[in-house]
Amino acid sequence: MPGRVFAQMRAMGHDRHPSTEVLREHAFGLIWDKSTAQQALQDLRDDLSAPQPGDPPRTAADQISFRLLLSLLDWRISGVFIQPFKSLLEARMQFWDTEFFCPLTDYQTAFLKATHQAFPNAKNFANVLNIFEAIPQNSPLMLEDRTNDFQIVMTPDAKTTIFAFSDLRNNCLGIGWPTFYRAAAAPAGANLVIFKDLNRQLYCGGIRNFGDKSKTLAALRTLMADPAFSNTEIVFLGASGGTFGALFLAGTLGVKRVIGLSGPSCLELGVLNEDKGIYNRIMELVDAGALEYEDPTVRLNEGGVNRVDYFVAGFHEFDMQNAHNLLEKTQCTTAHIYPHSEHSITHLCLEDGRLIAAIRGESLEPLALPH
């Protein structure tokens with residue numbers, strides 16, 4: 001006999017034995033929904049624990065994901081955390097699964113504490129744990145739409161709206177957008193509008209959901225004028241590769257404030273110094289006339305941008321080259337330089353409060369490396 005949850009899925013139009021991917025998505029949705037009844041959660045746990053004859057075989061990756069689902073269900077049913085991972089690789093896979101598909105702050109915090117205890121030398125887990133331990137318990141949640149390159153998340157009584165340009169992995173430089181929303185946007189009282197560059201062209205070719213660059217600019221202008229945002233200040237924020245887009249688009253559209261979380265401010269620097277083929281590929285398209293070259297510093301100066309807060313690791317050579325490029329060619333840039341060597345610095349500017357202050361538009365002095 002198939003389980004009760006399978007029966008419900010058949011009633012919703014799924015095959016008798018849905019694929020593991022469909023089942024995963026259905027399960028994450030039930031767990032994420034705080035209104036799901038305890039009996040429904042228990043039914044789901046029973047189904048996941050006992051695969052039915054004829055169900056598709058579970059691959060190694062499926063098994064890792066299903067252990068996470070069972071752990072999440074135990075947490076929702078009894079409040080007890082059962083460790084779902086058997087290795088550091090599994091822990092990384094499972095954490096990003098929670099972030100993308102079931103970002104429950106309390107469970108993720110317990111998960112990160114367990115990973116930090118199991119893998120104390122894994123810096124990324126320690127960094128993200130610091131963020132989660134500072135997130136207010138009543139912080140509103142958001143569920144990211146991983147299938148779309150454009151999403152709006154509204155915050156009640158917002159005074160600011162962040163137009164956020166994702167990095168090349170469609171995240172926010174080391175953290176997911178649900179974490180950014182809980183840790184930065186919501187505490188700053190800001191709406192969050194997320195963009196993703198599926199073309200992987202540092203936004204020079206536009207945002208696929210809107211069209212080419214000219215159509216993207218028109219769509220952004222329309223969004224900026226939307227009544228939902230009319231009483232808020234629009235701030236552009238870029239994460240890593242998204243910083244390039246945030247800079248030149250802000251200058252083109254007359255946005256007054258930009259926040260950059262590391263990332264490029266010049267294509268030529270990437271061609272000369274970065275090992276990512278993306279810069280060479282973009283320049284080839286520019287040379288072929290398929291893309292228009294955008295110098296963010298020119299756009300910033302011509303567009304009247306009056307404040308750029310650029311957060312950067314002082315011991316990361318490429319990022320510091322981009323920081324110096326902004327400082328030398330614009331008068332509006334304030335650098336926040338951390339004694340750090342990794343590209344990802346989001347946790348640092350969250351921990352010291354500078355990122356939230358920058359979103360709010362509070363006055364900030366430059367942050368320099370200690371002598």
Side-chain angles (χ1 to χ4, degrees), residues 95-96 98-100 103-106 108-109 111-113 115-116 122-142 144 153 155 158-167 169-194 235-240 242-243 246 257-263 307-316 319 323 334-369:
F95 178 77
W96 283 107
T98 64
E99 182 71 359
F100 293 155
L104 300 174
T105 306
D106 51 0
Q108 288 179 288
T109 304
F111 184 99
L112 288 165
K113 287 179 178 178
T115 58
H116 183 52
K123 294 181 180 179
N124 288 347
F125 282 131
N127 295 340
V128 180
L129 175 59
N130 290 338
I131 294 173
F132 269 80
E133 290 185 327
I135 292 175
Q137 289 299 311
N138 61 347
S139 182
L141 303 179
M142 66 157 281
E144 184 180 357
V153 185
T155 298
K159 295 180 173 57
T160 305
T161 297
I162 304 167
F163 277 34
F165 297 86
S166 304
D167 59 28
R169 295 184 178 181
N170 300 325
N171 297 320
C172 183
L173 189 58
I175 63 174
W177 288 115
T179 293
F180 176 86
Y181 181 70
R182 290 171 286 184
N191 302 314
L192 180 62
V193 185
I194 301 166
V235 177
F236 278 22
L237 179 145
S240 189
T243 294
R257 291 205 295 116
V258 183
I259 298 169
L261 300 174
S262 303
R307 176 172 172 178
V308 174
D309 286 285
Y310 187 80
F311 295 89
V312 63
F315 304 131
H316 190 287
D319 286 344
T334 297
H336 309 275
I337 305 173
Y338 293 88
H340 193 65
S341 60
E342 301 295 325
H343 178 57
S344 295
I345 41 74
T346 314
H347 62 288
L348 298 175
C349 52
L350 280 170
E351 288 171 13
D352 67 8
R354 282 179 173 262
L355 180 54
I356 291 177
I359 293 170
R360 289 174 173 162
E362 298 172 5
S363 178
L364 285 172
E365 293 296 319
L367 180 65
L369 289 175

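Start at 1 with the first residue, then count along the sequence. No hydrogens, no waters, no symmetry mates; every other heavy atom, side chains included, goes into these values.
The shortest distance between side-chain heavy atoms of Ile359 and Ile259 falls below 4.5 Å. The shortest distance between side-chain heavy atoms of Pro103 and Thr179 does not fall below 4.5 Å. Proximity of Thr334 to Val308: side-chain heavy atoms (C-beta onward) are nowhere separated by under 4.5 Å. Put simply, the side chain of Phe132 does not reach to within 4.5 Å of the side chain of Asn130, judged on heavy atoms. No side-chain heavy atom of Phe165 sits under 4.5 Å from any side-chain heavy atom of Val258. Side-chain atoms of Val153 and Asn191, non-hydrogen and from C-beta on, never get closer than 4.5 Å to each other. Using a 4.5 Å cut-off on side-chain heavy atoms (C-beta onward), Glu342 and His347 make no contact. Residues Arg169 and Trp96 form no side-chain contact, since every pair of their non-hydrogen atoms from C-beta on lies 4.5 Å or further apart.
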Checklist line | Leu237/Phe163 under side-chain contact (heavy atoms from CB on, under 4.5 Å): CA gap, chis, key distance, verdict | finding: CA-CA 6 Å; Leu237 179 145; Phe163 277 34; over 6 Å; no
Next item on the list: Would you please test Phe125 and Phe95 for side-chain contact (heavy atoms from CB on, under 4.5 Å) and show each step?
Entry: CA-CA 9 Å; Phe125 282 131; Phe95 178 77; 4.2 Å; yes
Note to self: Between Ile162 and Phe180, does the side-chain contact (heavy atoms from CB on, under 4.5 Å) criterion hold? Intermediate values first, please.
What the structure shows: CA-CA 11 Å; Ile162 304 167; Phe180 176 86; 4.1 Å; yes
Notebook entry, point to check: Should His336 and Phe311 be marked as a ring-ring contact (aromatic ring centres under 6.0 Å, His included) after you check the CA-CA gap, both sets of side-chain angles, and the distance that decides it?
Noted result: CA-CA 5 Å; His336 309 275; Phe311 295 89; 4.4 Å; yes
Notebook entry, point to check: Passes side-chain contact (heavy atoms from CB on, under 4.5 Å), Tyr310 versus Leu261? Steps please.
Noted result: CA-CA 6 Å; Tyr310 187 80; Leu261 300 174; over 6 Å; no
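The minimum heavy-atom distance between Thr346 and Cys172, with the atom names listed, is OG1-O, 3.6 Å. Considering every non-hydrogen atom in both Ser166 and Trp177, the closest pair reads OG-NE1, 2.9 Å. Nearest heavy-atom pair across Leu364 and Ala357 is CD2-CB, 4.0 Å. In this structure, Gly263 and Asp319 approach most closely via the heavy-atom pair N-OD1, 3.8 Å. Contact detail for Ile356 and Ala183: the closest heavy-atom pair is CD1-O, 3.5 Å. Nearest heavy-atom pair across Ala185 and Leu192 is CB-CB, 4.4 Å.
Taken to the nearest 0.5 Å, the CG atom of Leu104 stands 10.0 Å off from the OG1 atom of Thr109. To the nearest 0.5 angstrom, Leu355 atom CG is 11.0 Å from Leu348 atom CG. Distance CD1/Ile345 to CD/Glu351: 11.0 Å, rounded to 0.5 Å. If you take NZ on Lys159 and CZ on Arg360, they are separated by 10.0 Å, rounding to the nearest 0.5 Å. One finds the CG atom of Leu129 at 12.0 Å from the CZ atom of Phe111 (value rounded to the nearest 0.5 Å). Note that CZ of Arg354 and CD of Glu365 are 8.5 Å apart. Values are rounded to the nearest 0.5 Å.
No more than 12 heavy atoms of other residues, nucleotides or ligands sit less than 6.0 Å from atom NE2 of His116.
Using modelled atom types, one side-chain atom of Asp167 and one backbone atom of Asn170 make a donor-acceptor pair closer than 3.5 Å. In terms of modelled atom types and a separation under 3.5 Å, the side chain of Asn171 and the main chain of Leu173 share no donor-acceptor contact. A donor-acceptor contact shorter than 3.5 Å links the side chain of Thr243 to the backbone of Gly238.
His316 and Ser262 form no side-chain donor-acceptor contact under 3.5 Å, judged by distance and modelled atom types alone.
Comment: Arg182 engages Glu99 in a salt bridge, judged by a side-chain N to carboxylate O separation of less than 4.0 angstrom.
Residues satisfying the salt bridge (Lys or Arg N to Asp or Glu O under 4.0 Å) criterion with Arg307, sequence neighbours excluded, are Asp309. In this structure Thr155 satisfies the side chain to side chain donor-acceptor pair (under 3.5 Å) test together with Tyr181, sequence neighbours excluded.
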